[in-house]
Amino acid sequence: MIRRHPLVGRDVSGIADHVLETTRGDPAAAERRLDEIDALLRAIVDNPASGVRLDGRLAGWRARHGGRGRMPTVVFRSDPDSKTLDIAMIAFGGRNWIEDAADRRDFPD
C-alpha cells in the first residue's frame, strides 16, 4: 500500500507550475518533469530499500533523487512487515526538503 502525505499533491502541482514559469509556459517541459517523478516513484516501489538513509528528525526515512540533473527528490519510508510505503514529500531543485519533510513525518488517519 502506498500512502501519500496530504501535501504531496501540492508538491507536484507546485513543481509543474515552477517548470511552466521558468520555461515561459512550455507544457512539454512540465510533462517531462512529471514523467521523471512518476519514474522515480516506480523505482522506489520496485526497491523501497534504496535511497539515502536520513538521520536526525528524519531518522527512519530515506531520500531518493532522480530525473535529469537529479532534480526531483522523494522523501519516503517503507515498512516491509505491513508492505506500506509512505511518501512524505516530493521536492524539486534547491528546495530545503530536509527541514520541510521533517514536519511531515506524521500522516493523518
Side-chain angles (χ1 to χ4, degrees):
M1 170 174 67
I2 299 174
R3 296 186 324 158
R4 290 174 179 83
H5 189 278
L7 296 176
V8 166
R10 186 180 76 179
D11 295 340
V12 174
S13 295
I15 291 167
D17 290 344
H18 171 74
V19 173
L20 281 171
E21 182 180 315
T22 59
T23 61
R24 297 188 182 131
D26 182 359
E31 281 187 45
R32 284 191 299 273
R33 286 300 187 176
L34 295 176
D35 289 344
E36 291 173 359
I37 291 167
D38 287 342
L40 182 55
L41 289 169
R42 283 192 303 274
I44 291 168
V45 167
D46 290 345
N47 187 3
S50 66
V52 176
R53 290 182 183 157
L54 303 173
D55 57 13
R57 291 179 55 208
L58 285 168
W61 291 82
R62 295 176 182 265
R64 187 150 171 199
H65 312 283
R68 187 173 48 101
R70 298 176 51 84
M71 296 293 272
T73 300
V74 176
V75 179
F76 66 97
R77 70 178 170 199
S78 67
D79 181 352
D81 294 332
S82 66
K83 297 182 180 178
T84 301
L85 181 68
D86 291 333
I87 308 293
M89 173 175 279
I90 300 175
F92 186 75
R95 181 173 180 184
N96 183 3
W97 56 265
I98 292 175
E99 197 59 36
D100 292 343
D103 293 333
R104 296 190 188 181
R105 293 171 298 170
D106 298 319
F107 284 51
D109 291 330

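- Listed by chain and number, the residues in a side chain to side chain contact (heavy atoms under 4.5 Å, CB included) with Ile2 are Arg4, Val45, Leu85, Ile87 (sequence neighbours excluded).
- Chaining together hydrophobic side chains whose heavy atoms lie under 4.5 Å apart leaves Leu20 on its own.
- For residues 23-33, the pairs satisfying side-chain hydrogen bond (donor to acceptor under 3.5 Å, both in side chains) are Arg33-Glu36, with sequence neighbours left out.
- When all heavy atoms of Pro72 and Gly67 are compared, the pair lying nearest together is CD-CA, 4.2 Å.
- In this structure, Met1 shares a hydrophobic cluster with no other residue, the cluster being traced through Ile, Leu, Val, Met, Phe, Trp and Tyr side chains under 4.5 angstrom apart.
- Linking Ile, Leu, Val, Met, Phe, Trp and Tyr residues whenever their side-chain heavy atoms come within less than 4.5 Å leaves Val74 and Trp61 in two separate clusters.
- Counting only residues at least two apart or on different chains, the side-chain hydrogen bond (donor to acceptor under 3.5 Å, both in side chains) pairs with a member in residues 84-99 are Arg3-Asp86, Asp11-Arg95, Arg57-Glu99, Arg77-Asp86, Ser82-Thr84, Arg95-Asp100.
- One finds the CZ atom of Arg70 at 9.5 Å from the CG atom of Leu40 (value rounded to the nearest 0.5 Å).
- A continuous path of Ile, Leu, Val, Met, Phe, Trp and Tyr side chains, each step under 4.5 Å between heavy atoms, connects Val8 with Leu41, placing both in one hydrophobic cluster.
- Listed by chain and residue number, Thr73 satisfy the side-chain hydrogen bond (donor to acceptor under 3.5 Å, both in side chains) test with His65 (two or more places apart in sequence, or in another chain).
- Following chains of ILVMFWY side-chain contacts shorter than 4.5 Å, one cannot reach Met89 starting from Ile37, and the two form parts of different hydrophobic clusters.
- As a member of the Ile/Leu/Val/Met/Phe/Trp/Tyr network built from side-chain separations under 4.5 Å, Leu7 groups with nothing else and remains a singleton.
- Both Val12 and Phe76 belong to a common hydrophobic cluster when Ile, Leu, Val, Met, Phe, Trp and Tyr are linked at side-chain heavy-atom distances under 4.5 angstrom.
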Less than 3.5 Å apart, which donor and acceptor atoms pair up between the side chains of residues 46-54 and the rest of the protein, not counting sequence neighbours?
residue	atom	partner	partner atom	Å
Asn47	OD1	Ala49	N	3.4
Ser50	OG	Asn47	O	2.7
Ser50	OG	Arg64	NH1	2.6

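- No single ILVMFWY cluster, assembled from side-chain heavy atoms under 4.5 Å apart, contains both Phe107 and Ile90.
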